[in-house]
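A quick write-up on the structure given underneath.
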Amino acid sequence: MRTSQYLLSTQKETPADAEIVSHQLMLRAGLVRKLASGLYTWLPTGLRVLNKVSEIVRDEMNKAGAIEMLMPVVQPADLWQESGRWEEYGPELLRIKDRHNRDFVLGPTHEEVITALVKNEISSYKQLPINLYQVQTKFRDEVRPRFGIMRSREFTMKDAYSFHIDNDSLEKTYQDMFQAYCNIFERLGLEYRPVIADSGSIGGAVSHEFHVLAESGEDAIAFSDSSDYAANTEMAEALAPAGEKPTGTQTMSEVATPNVGTIEQVCAHFDVTAEQTVKTLIVLAQQQDDQPQGLVALVLRGDHQLNTIKAEKLAEVHAPLTLASDDAVKQMLGCDIGSLGPVGLTIPVIVDRSAAHLADFICGANKTGYHLQGVNWQNDVGEIQQADIREVQAGDPSPDGQGKLEIKRGIEVGHIFQLGDKYSSAMGCGVLNEQGKHQILTMGCYGIGVSRIVAAAIEQNHDKYGIIWPDAIAPFKLALIPMNMHKSHRIQEVAETLYEKLTAAGIDVLFDDRKERPGVMFNDMELVGIPHTLVIGERNLDENKVEYKSRRSGEKQLLDIDNVIRFITQL
RNA sequence: CGGUGAGUAGCGCAGCUUGGUAGCGCACUUGGUUUGGGUCCAAGGGGUCGCAGGUUCGAAUCCUGUCUCACCGACCA
């Protein structure tokens with residue numbers, strides 16, 4: 001490709017509304033342009049990268065025995081009504097009507113379509129297992145699209161769905177997919193980790209996310225410092241502190257604490273650390289039929305944070321988790337939220353394991369302006385219900401019993417899970433088994449955020465000059481930069497010849513034949529992130545040499561012109 | 001949805017307080033100059049100042065409404 005016949009579209013200045021590096025560089029290097037919030041046009045350079053990523057994904061999926069197909073973006077609403085997700089999915093599901101006023105959705109995912117298809121196409125256990133996938137556009141009407149392509153509303157996803165007669169078969173395909181995903185991220189040249197994940201409300205126990213590690217990641221991942229254990233913090237189990245539960249020695253007493261509400265103020269007032277205090281959060285209870293809305297108290301150690309996902313899984317708690325309003329608390333419990341505590345509450349109380357491990361602690365007195373000190377569960381509260389409801393933090397013991405947890409940030413680029421029969425049973429998708437009986441299938445599903453990988457790769461591979469693509473997904477492998485070609489026939493001749501030969505050798509080369517000064521070319525090629533550069537200049541031509549430069553290491557070396565093709569091919 | 005901020009040329013911004021019909025840098029066009037790291041000089045082209053309404057002789061500027069965009073958002077108990 002010649003720059004003179006290409007759309008490079010680089011920019012010197014960073015657009016004002018781009019917050020993270022990958023977004024800024026994608027705009028500056030001319031990979032994407034925003035059309036509207038969460039909607040992006042892929043420019044030629046960006047599309048080249050996107051296509052390289054999809055090709056690697058396809059290749060590994062095919063090798064793992066999956067079969068490519070393609071389903072429509074627009075899907076009829078009745079499929080979603082059948083699966084129950086028409087009501088369940090919420091406002092992220094963009095609903096549209098056609099000219100006949102029939103309901104459709106813009107597909108955020110394709111379980112319904114594939115299940116309906118398999119129901120019709122597959123009728124015997126002999127055709128199983130089968131794993132079908134597509135690389136396709138998805139639409140999710142995100143509340144807040146952000147970070148450019150990282151969380152956009154329209155995006156490219158590889159989604160695969162496998163169908164099985166039993167769980168053993170599902171388990172095997174799941175393992176194959178796990179391995180295929182590792183291969184994919186390995187080949188993409190990214191630093192990644194598979195982590196244990198929340199399978200959501202979908203049921204089916206097993207689920208893994210694949211994260212690319214990056215500071216700007218939206219997810220927190222907990223790692224053991226001495227084993228393979230890695231889990232999304234949503235999922236990572238928080239163990240009770242090690243050792244015997246301390247025995248209380250104090251007797252509970254009430255202390256006037258005017259204007260003391262936050263844990264920070266409590267600590268200051270009593271001159272203790274947050275580890276000796278307890279905080280009480282009041283949330284809405286799971287609604288019982290015909291009963292008025294109840295409340296539930298969640299009790300945590302002062303220095304701990306509530307984990308919403310864990311709390312929502314409790315039968316007593318309303319999902320999605322909703323904090324009771326200040327007014328509701330005041331009305332039902334008779335005090336300000338800053339003075340709440342577990343002692344003497346008439347609503348259900350659920351205590352985090354770490355909080356339950358405390359003795360002689362401090363908490364609110366359920367009386368505005370008063371706290372209790374020297375509180376002990378056994379004496380002052382009685383039998384309590386314990387649960388793991390807190391967020392793990394760095395330094396906590398690893399749930400697998402080996403080492404301590406570290407917390408790092410990651411970008412979720414892949415998610416695999418065992419779905420079970422949620423969709424197949426809702427939609428009656430089954431086959432005749434060996435006994436000639438109709439049997440509902442069990443399913444797995446496996447997603448990769450293809451467009452998100454492009455952004456994630458940049459987050460992990462850039463410097464102050466621009467992007468540094470891993471070779472496998474670079475838009476071009478090589479930049480050919482002639483110095484002042486328009487003044488020198490000799491340079492032009494060498495450049496043209498090299499360009500022809502390199503192209504003939506199957507190398508993706510971008511030949512900068514613009515009438516620009518060298519500095520402009522260098523800067524553009526570095527911004528775009530092309531991994532390898534050849535510079536052709538008068539100086540070296542006298543020796544029959546050209547200069548090679550690596551984008552990543554910055555290392556330069558002179559090459560004999562005759563050796564260029566071989567050298568570049570071997571990179 | 002709540003909070004904050006922003007909409008003026010393709011991009012980055014000034015002008016608005018104190019109304020008088022729009023400007024700077026980059027990019028673009030033309031000519032010259034320069035040529036191993038975003039040369040320099042000159043001359044140009046390009047904007048219904050987000051949209052609608054109002055006040056006024058006159059509105060980018062003041063008022064009202066509206067749309068769009070970005071960032072932040074249980075973690076207070």
Side-chain angles (χ1 to χ4, degrees), chain A residues 7-20 23-24 27-28 30 33-39 90-91 143-148 151 257 260-267 274 277-284 295 297-309 311-312 320-326 328-330 333 335-342 345 355 362-366 368 371 389-391 393 465-466 481-488 491 514-527 533-541 546-547 549 554 556:
Chain A
L7 185 64
L8 205 52
S9 280
T10 53
Q11 293 179 336
K12 274 190 198 175
E13 282 176 290
T14 305
D17 55 11
E19 205 62 23
I20 61 171
H23 189 199
Q24 293 171 353
L27 292 169
R28 286 227 292 137
R33 289 289 179 259
K34 185 171 76 178
L35 179 63
S37 180
L39 302 175
V143 205
R144 183 147 91 85
R146 69 189 117 169
F147 304 146
R151 182 169 293 283
T257 51
V260 171
T262 67
I263 286 293
E264 222 167 61
Q265 291 164 344
V266 170
C267 291
T277 67
V278 134
K279 60 182 172 189
T280 308
L281 284 75
I282 307 298
V283 300
L284 300 191
L295 299 177
L298 302 177
V299 181
L300 295 158
R301 212 168 76 183
D303 59 321
H304 285 153
Q305 303 294 333
L306 178 67
N307 179 316
T308 314
I309 309 263
E312 278 174 2
L321 189 88
T322 316
L323 285 170
S325 69
D326 296 11
V329 169
K330 196 152 196 172
L333 305 174
C335 73
D336 286 344
I337 54 174
S339 301
L340 287 168
L345 283 180
I362 293 166
C363 65
N366 295 322
T368 299
H371 277 75
I389 52 172
R390 75 171 171 95
E391 202 77 43
Q393 48 189 28
Y465 303 108
I481 304 185
M483 305 273 106
N484 305 308
M485 181 173 82
H486 299 273
K487 281 278 175 60
S488 160
I491 302 270
R514 291 176 298 174
K515 202 174 168 181
E516 286 288 358
R517 293 169 57 85
V520 175
M521 298 187 190
F522 288 136
N523 281 306
D524 271 347
M525 295 304 126
E526 282 165 10
L527 174 61
T533 305
L534 279 182
V535 184
I536 304 162
E538 288 283 357
R539 221 159 61 190
N540 294 322
L541 229 44
V546 294
E547 182 185 287
K549 186 178 177 187
K556 294 177 182 175

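The structure displayed is predicted, hence computed values, not measured ones. The chains referred to below are lettered A, B, ... by the order of the sequence lines, with proteins before strands, and numbering in each begins at 1.
- In this model, a side-chain donor or acceptor of A/E526 finds a partner on the base of B/G37 within 3.5 Å.
- A donor-acceptor pair is defined here as one N or O able to donate and one able to accept, closer than 3.5 Å; no such pair exists between the side chain of A/N540 and the backbone of A/V546.
- Looking at A/E526 and A/K549, a side-chain N of the basic residue comes within less than 4.0 Å of a carboxylate O on the acidic one, giving a salt bridge.
- Mapped onto RNA chain B by nearest heavy atom, A/V520 and A/G38 fall at different nucleotides, with A/V520 at the one closer to the 5' end.
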**Request:** Apply side chain to side chain contact (heavy atoms under 4.5 Å, CB included) to A/N366 and A/L345, showing your working.
**Result:** CA-CA 8 Å; A/N366 295 322; A/L345 283 180; 3.5 Å; yes
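- Look at the P atom in both B/G12 and B/G44: the space between them is 27 Å, to the nearest Å.
- Residue A/S37 places at least one side-chain N or O under 4.0 Å from the OP1 or OP2 atom of B/A70.
- Between the CD1 atom of A/I481 and the P atom of B/G36 there is a distance of 14 Å, given to the nearest Å.
- Take A/E516 and apply the side chain to side chain donor-acceptor pair (under 3.5 Å) test, not counting sequence neighbours, and it matches no residue.
- Taking atom P in both B/U56 and B/U48, one finds a spacing of 28 Å when rounded to whole Å.
- The distance from atom NZ of A/K515 to atom C1' of B/U33 is 12 Å, rounded to the nearest whole Å.
- Taking atom P on both nucleotides, B/G46 is separated from B/U29 by 15 Å, rounded to a whole Å.
- At distances below 3.5 Å, not a single donor-acceptor pair connects side-chain atoms of A/K279 with backbone N or O atoms of A/T262.
- Residue A/E538 is classed as having no contact, given no heavy-atom separation below 4.0 Å to the nucleic acid.
- B/U8 and B/U61 are spaced 14 Å apart, taking the P atom of each and rounding to whole Å.
- Between B/A27 and A/K12, a contact under 4.0 Å exists linking OP1 or OP2 to a side-chain N or O.
- Distances shorter than 4.0 Å separate some side-chain N or O of A/R517 from OP1 or OP2 on B/U39.
- For B/C62 and B/U18, the P atoms lie 9 Å apart once the distance is rounded to whole Å.
- Following rounding to the nearest Å, A/M485 (CE) and B/G36 (C1') show an atom-to-atom distance of 16 Å.
- A/K34 comes within contact range of the sugar-phosphate backbone alone, with a heavy-atom separation under 4.0 Å but no base atom that close.
- Each of A/F522 and A/P145 has a nearest nucleotide on RNA chain B; the 5'-most of these lies closest to A/F522.
- Across all strands shown, A/K549 has heavy atoms under 4.0 Å from base atoms, whether or not it also approaches the sugar-phosphate.
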Protein-proximity profile, nucleotides 72-77 of chain B, B/S/- by nucleotide at the 4.0 Å heavy-atom cutoff, equals B-BBBB
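- Of the candidate nucleotides B/C69, B/G38, B/U35, B/G38 has the atom lying nearest to any side-chain atom of A/D524.
- A/L541 has its CG atom 13 Å from the C1' atom of B/G36, to the nearest Å.
- Looking at A/R390, its side chain never comes within 3.5 Å of a backbone N or O of A/N307 through a donor-acceptor pair.
- Checking side-chain atoms of A/R33 against main-chain N and O of A/L27 turns up a donor-acceptor pair under 3.5 Å.
- Summarising the local packing, CD of A/E538 is surrounded by more than 12 heavy atoms from other residues, nucleotides or ligands at distances under 6.0 Å.
- With P as the reference atom, B/A43 and B/G23 are 15 Å apart, rounded to whole Å.
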B/S/- along nucleotides 3-15 of chain B (protein heavy atoms under 4.0 Å) is --------BSS--
